[in-house]
Amino acid sequence: LSRGQLPEPDDREILPFEVKERMPFLPVALGDRTVSINFDTGASGWLVMPIDMKDGLRFQLAPAPGPTTWNNQTGWTRVEIARLAEDLRFGRHTVVNPRIEIDPAASFPFFGCALLQRFTLTFDMPNKRVRMRGPGEPIHVPGYRTFGIRLSRAADTWQISDVIPKSRAAALGIRPGDVVVTVEKIPSARLTRESWNTMQQGRKEISIELSRAGRRRVYNLPLKVLGE
């Protein structure tokens with residue numbers, strides 16, 4: 001708010017928050033505990049937990065190796081994907097058994113924009129209040145869909161930049177640095193980030209041709225949904 005103030009907290013949409021190191025943290029109920037969670041509109045995920053909280057969490061699905069993620073301070077770090085056995089509650093809002101990322105580089109838990117974009121947020125910083133207008137129904141976090149690899153643009157082509165441990169791609173020997181020749185018979189030069197993301201959302205398997213040291217090989221990679 002640039003002028004005026006929010007009404008008193010009502011435990012529904014207008015909630016009190018804490019300030020730590022000049023950042024807002026929202027107290028939320030996680031099962032029978034209260035956890036303070038930061039708002040990070042610059043993060044792309046749903047809910048990230050630091051690794052030092054892992055032993056105190058109760059899981060519906062145990063943590064499994066996930067992708068590497070970028071942190072400006074620490075660079076690339078490998079996260080784990082898990083689904084909690086408890087709901088997350090703040091005001092009138094409930095996130096049902098959220099799928100989370102456990103990040104060794106995270107210093108504190110935070111909401112990413114995948115969750116925050118479901119709300120209209122209004123901050124009253126002087127009074128440490130936030131209005132969170134969002135869906136009336138419980139929020140369900142989807143699993144993380146992956147073929148076990150990440151593609152990155154390299155000059156006029158694409159290459160493998162990450163392989164998730166214990167995935168089918170890892171078992172087949174795919175490595176970072178392998179050059180993409182085709183995906184579903186689409187030449188690498190015609191592949192776009194949008195078409196790759198569409199494949200991850202809509203296909204149960206892909207055929208990808210890779211080149212390493214001049215030798216080509218075709219791999220069939222099944223879709224894996226982590227956290228489901």
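Between the side chain of D87 and the main chain of N97, a donor-acceptor pair closer than 3.5 Å is present. Side-chain N or O atoms of E228 include one that pairs as donor or acceptor with a backbone N or O of G143 at under 3.5 Å. Without hydrogens or angle criteria, N38 side chain to P24 main chain gives a donor-acceptor distance under 3.5 Å. Side chain of T157 to main chain of A154: no donor-acceptor pair is present (N/O by atom type, distance under 3.5 Å, no hydrogens or angles).
A distance of 5.0 Å separates CZ of R145 from CG of L223, quoted to the nearest 0.5 Å. With values rounded to the nearest 0.5 angstrom, L210 atom CG is found 9.5 Å from R217 atom CZ. Atoms CG and CG, on L30 and L84 in that order, are 6.0 Å from each other to the nearest 0.5 Å. Here CD1 of I149 is found 4.0 Å from CD1 of I208. Values are rounded to the nearest 0.5 Å. Distance check: Y219 OH to S207 OG gives 11.5 Å after rounding to the nearest 0.5 Å. In this structure, CG in L191 is found 10.5 Å from CD in E184, a value given to the nearest 0.5 Å.
The closest side-chain heavy-atom distance from F25 to V35 is not below 4.5 Å. Counting only heavy atoms from C-beta outward, the side chains of R83 and P98 never approach each other to under 4.5 Å. Contact annotation: the side chain of F147 never approaches that of K224 to less than 4.5 Å [non-hydrogen atoms, C-beta and beyond]. Here the side chains of V48 and I100 are not in contact, with every heavy-atom distance at 4.5 Å or above. With contacts defined as side-chain heavy-atom distances shorter than 4.5 Å, the pair S36/F17 does not qualify. Looking only at side-chain heavy atoms (C-beta outward), I139 and V96 stay at 4.5 Å or farther from each other. In this structure, L15 and P9 have side chains that are not in contact, with every pair of non-hydrogen atoms separated by 4.5 Å or more. Looking at heavy atoms from C-beta onward, L116 lies out of side-chain contact with D40 at the 4.5 angstrom threshold.
Nearest heavy atom pair, residue L226 against residue R99, reads O-CG, 4.3 Å. Nearest heavy atoms, E86 versus G31: OE2-CA, 3.7 Å. In terms of heavy atoms, P27 sits closest to E18 at CG-OE2, 3.8 Å. For R168 against P222, the heavy-atom pair with the smallest separation is CG-CD, 3.6 Å. A114 and S44 make their closest contact through CB-O, 3.5 Å (heavy atoms, listed as atom of the first residue, atom of the second, distance). Nearest heavy-atom pair, P63 versus K54, reported as atom, atom and distance to 0.1 Å: CG-CE, 3.8 Å.
Note: F108 and F110 have perpendicular aromatic rings, judged against thresholds of 30 and 60 degrees for the angle between ring planes. Between F119 and F90, the ring planes lie tilted relative to each other; the angle falls in the 30° to 60° range.
Hydrophobic clustering keeps V218 apart from V180 (ILVMFWY residues linked when any side-chain heavy atoms are closer than 4.5 Å, directly or through intermediates). Cluster membership check: W158 shares its hydrophobic cluster with I174, using side-chain heavy-atom separations under 4.5 Å among Ile, Leu, Val, Met, Phe, Trp and Tyr. Under the 4.5 Å side-chain heavy-atom criterion for grouping Ile, Leu, Val, Met, Phe, Trp and Tyr, I164 is not connected to I102 through any hydrophobic cluster. Follow the hydrophobic side-chain contacts under 4.5 Å out from V28 and you reach V19 in the same cluster. Residues W46 and F59 share a single hydrophobic cluster, defined by chaining ILVMFWY side chains whose heavy atoms lie under 4.5 Å apart.
Other residues, nucleotides and ligands contribute only 12 or fewer heavy atoms inside 6.0 Å of the NZ atom of K166. Other residues, nucleotides and ligands contribute more than 12 heavy atoms inside 6.0 Å of the CZ atom of R212. Counting heavy atoms of neighbouring residues, nucleotides and ligands inside a 6.0 Å radius, atom CZ of R193 exceeds 12 of them.
Using modelled atom types and a 3.5 Å distance limit, the side chains of S195 and T192 yield a donor-acceptor pair. N127 and Q5 share a donor-acceptor pair across their side chains, judged by distance under 3.5 Å alone. Side-chain atoms of R150 and T68 form a donor-acceptor pair, as typed in the model, at a separation below 3.5 Å.
Tested against L121, the residues R131, R133, M132 include a single side chain to side chain contact (heavy atoms under 4.5 Å, CB included) partner, M132.
Figure legend: R190 and W196 shown without cation-pi pairing, the cationic atom not lying both under 6.0 angstrom from the six-membered ring centre and within 45 degrees of its axis.
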> Would Y144 and V225 satisfy side-chain contact (heavy atoms from CB on, under 4.5 Å), going step by step from the backbone distance to the final call?
Replying inline: CA-CA 5 Å; Y144 181 84; V225 184; over 6 Å; no
> Can M199 and V183 be said to form a side-chain contact (heavy atoms from CB on, under 4.5 Å), step by step?
Replying inline: CA-CA 10 Å; M199 289 180 194; V183 180; 3.5 Å; yes
>> Test side-chain contact (heavy atoms from CB on, under 4.5 Å) on N220 and I206; report intermediate values, then the result.
In response: CA-CA 6 Å; N220 294 315; I206 60 161; over 6 Å; no
> Which is it for R215 and D178 under the salt bridge (charged side-chain N to carboxylate O under 4.0 Å, His left out) test, yes or no, and what are the steps along the way?
Replying inline: CA-CA 10 Å; R215 300 185 64 179; D178 288 349; over 6 Å; no
> Taking it one step at a time, do T94 and L88 satisfy side-chain contact (heavy atoms from CB on, under 4.5 Å)?
Replying inline: CA-CA 6 Å; T94 300; L88 201 67; over 6 Å; no
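Between D11 and R92 there is no salt bridge, since none of the side-chain N atoms of the basic residue sits less than 4.0 Å from a carboxylate O of the acidic one. A salt bridge does not link K185 to E209: none of the charged nitrogens lies less than 4.0 Å from a carboxylate oxygen. Under 4.0 Å is where a charged nitrogen must lie from a carboxylate oxygen, and between R129 and D10 no such pair does.
R153 is linked by a side chain to side chain donor-acceptor pair (under 3.5 Å) to nothing, counting only residues two or more places apart in sequence or in another chain.
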